[in-house]
Asks: 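After the structure tokens below, expect a handful of questions from me.
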Amino acid sequence: MKKIKKLFCCFLGLFLAAHLFSQVNIDLNDDVNFWSDYPAEELAQIITDRMTDQELLSQILMFGWAGAEPNKILFDWVSRGLGSVKVFGWNTDDINLVAKSITNLQKRSAAGRFKIPLYVATDQEGGWIRHVKGETLITPGNMAIGSSGYPADAWYSAFYISREIKALGINMNFAPTVDLFTDHDSTIIGTRSFGDDPLKAGILGAAWASGSQAAGVIPTVKHFPGHGDTSYDSHINLPTIDVDFETFKKRELVPFMYLIKQNVPAVMSGHLSFPKIDSSGTPASLSKYFLTDLLREQLGYQGLIITDDMMMNGATMFAGSVSSAFRMAIEAGNDIVISSKCADLNEALWTHNLSLMQKDENFYNRVKDAAYRVIKSKLEYFKGKNPAPLYPNAKDIAKSIPDKDGKKFFLEQACRSIAVEKNTDLPLSAGNAGKVLLVGSLPKFFEEGKKRFADSGEFSFSYEIGPNETQWVIDNIGKLVGGYDTLVVLVYNERTARIAEWLKQYGKRTVIFSIMTPTESFSLDWANDILVGYSYSNFTMQAMFGALCGEYKIQGSIPFAK
């Protein structure tokens, strides 16, 4: 009897082994593609194991295109296996054409050997960073969220922004920005920041990321490890942030550490040098220390790492060439490497790195690992519950953009964000303001002013005011001022602050509407009243005049130390 049992067990073991072996053979010989019914980890491994070097390298690249529609070269790249494309601001005046372009690119990708969809990304942060234009909403932005301080404002801002771009087939957004507003002279971050409090930026950033995911768009936290303590723009040169590790850990890293704990799916690496931390001066986007040793191993980050645009001088000037910058970015630990310019098919960034894959096993394995991460991420997203449409529907676009619920929310959010820098005699009304002169540039500024002060005068100048026009305003505005009792002046940069300062000599009751970076208004403390908003959006203009006239209780606070 025991012998029979042993024989049976032996037979059963051989049967199971043979069955498993045959199943493996079926898997290996199966015509597997992205939509095959396997767990994400297994299918990503099967696909990357079967990919050619060209397919692996293509999968980790993201290219933009010039003009309104993609050119033939970009479609050729997609046929080659390009993993991702990016929609920039110069592509987006006609949102229906954006959706059509995305549809055509996705169809070309679906015709590939493994039928892998494209990640389609953009920068739709809110506020003044709004790459998808057309009829999409211009929102109050991150510093307005920081002023109100409510995580719900961050969540719903992301939700409505993401819902709009999702309707176009965009599935990845390079937001939120969690850089701190440390350097007040910065023109590249400014109101893109939630403020200067690291933990608050982490909490609001996490809420933003959650709202984006709820709408069905992948958020990308940026710019690791922090772009806030520099006035330099990495589009132009490589910013150097001269901070020691202890300060860095307690300040720049805090919001990223918070978001990593919330399992954020993507992080963008910045072209930023921290020489006291990485003594080589290598930009974080090209630094193995920052991306592999610190971000991956020490902080335990598991999601995608995506470069900022590699056409920015902050990366290429250090590396010496675009192809070297791409190589360093891959070796450092980035999983997706971005170029705003669509490369030629035989450009060095392609040929040199493809050749290196064939010569250097470590480099090949790094490319393959990055491709695996990208494909696994795509499998989890596109086979999840709420992905963006691969082929957006024109009828859905008309219903979704502008977002009707978003309109109501963003006005409420703008009202929660308005702060008082100085209050002498608010609120004003048509009864106590006397004759009002509106001095500014935005149509909505004058429209909202006229609603409250029907007989007000107007002195208008260009929003992008230059030095000559600034002097013209100064030379001519005095001819009008004498006939008015109250001046309401829109200030948003050094030149408009200069215009406001010129008006001081007339001794009129003066109200400053400080929008965008509010530091420009701090020197105007002679004014009777200073109200602070953080955007040129229509919602902000409505909210500021409402605050001026006492239509609601002002509750915002300036989210950084002066």
Asks: Decide, yes or no, whether a salt bridge links D485 with R509 under the criterion of side-chain N to carboxylate O below 4.0 Å.
Replies: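 Salt bridge: no.
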
Asks: Could you tell me which non-hydrogen atom of H184 sits nearest to which non-hydrogen atom of A561, and how far apart they are?
Replies: CE1-O, 2.9 Å

Asks: Less than 4.0 angstrom from a charged side-chain N to a carboxylate O is my criterion; do E421 and K562 meet it?
Replies: yes

Asks: Got a second to check how far Y150's OH is from L204's CG, nearest 0.5 Å?
Replies: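 Reported value, rounded in 0.5 Å steps: 12.0 Å.
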
Asks: Apply salt bridge (Lys or Arg N to Asp or Glu O under 4.0 Å) to the pair D405 and R163, showing each step before the final yes or no.
Replies: CA-CA 11 Å; D405 295 332; R163 202 157 70 167; 3.2 Å; yes

Asks: Would you call K222 and D179 a salt bridge, using N to O less than 4.0 angstrom?
Replies: no

Asks: Can D309 and K341 be counted as an ion pair, charged N to O under 4.0 angstrom?
Replies: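 Result for this pair is no, no salt bridge flagged.
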
Asks: Check this for me: does any side-chain nitrogen of one of D93 and K133 sit under 4.0 Å from a carboxylate oxygen of the other?
Replies: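 Salt bridge between D93 and K133, a charged N being under 4.0 Å from a carboxylate O: no.
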
Asks: Between R498 and E494, is there a salt bridge with N-O shorter than 4.0 Å?
Replies: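 A salt bridge is absent here (no side-chain N lies under 4.0 Å from a carboxylate O).
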
Asks: Under a 4.5 Å cut-off applied to non-hydrogen side-chain atoms, are I95 and E135 in contact?
Replies: yes

Asks: Compute whether any side-chain donor of one residue and acceptor of the other, for E125 and T177, lie under 3.5 angstrom apart.
Replies: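 Yes, a side-chain donor-acceptor pair sits under 3.5 Å.
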
Asks: Take the angle between the ring planes of F224 and F256 and call it parallel below 30°, perpendicular above 60°, tilted in between.
Replies: perpendicular

Asks: Taking NZ, NE, NH1 and NH2 as the nitrogens, is one of them in E447 or K450 under 4.0 Å from a carboxylate oxygen of the other?
Replies: no

Asks: Taking the ring centre of each residue, are Y536 and F445 less than 6.0 Å apart?
Replies: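 No; F445 has its ring centre 6.0 Å or more from that of Y536.
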
Asks: Just say parallel, tilted or perpendicular for the rings of F159 and W155, cut-offs at 30° and 60°.
Replies: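 If you compare the ring of F159 with that of W155, the planes turn out parallel.
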
Asks: Check this for me: W128, atom CH2, are more than 12 non-hydrogen atoms of other residues, nucleotides or ligands nearer than 6.0 Å?
Replies: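 Check passes, neighbour count above 12.
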
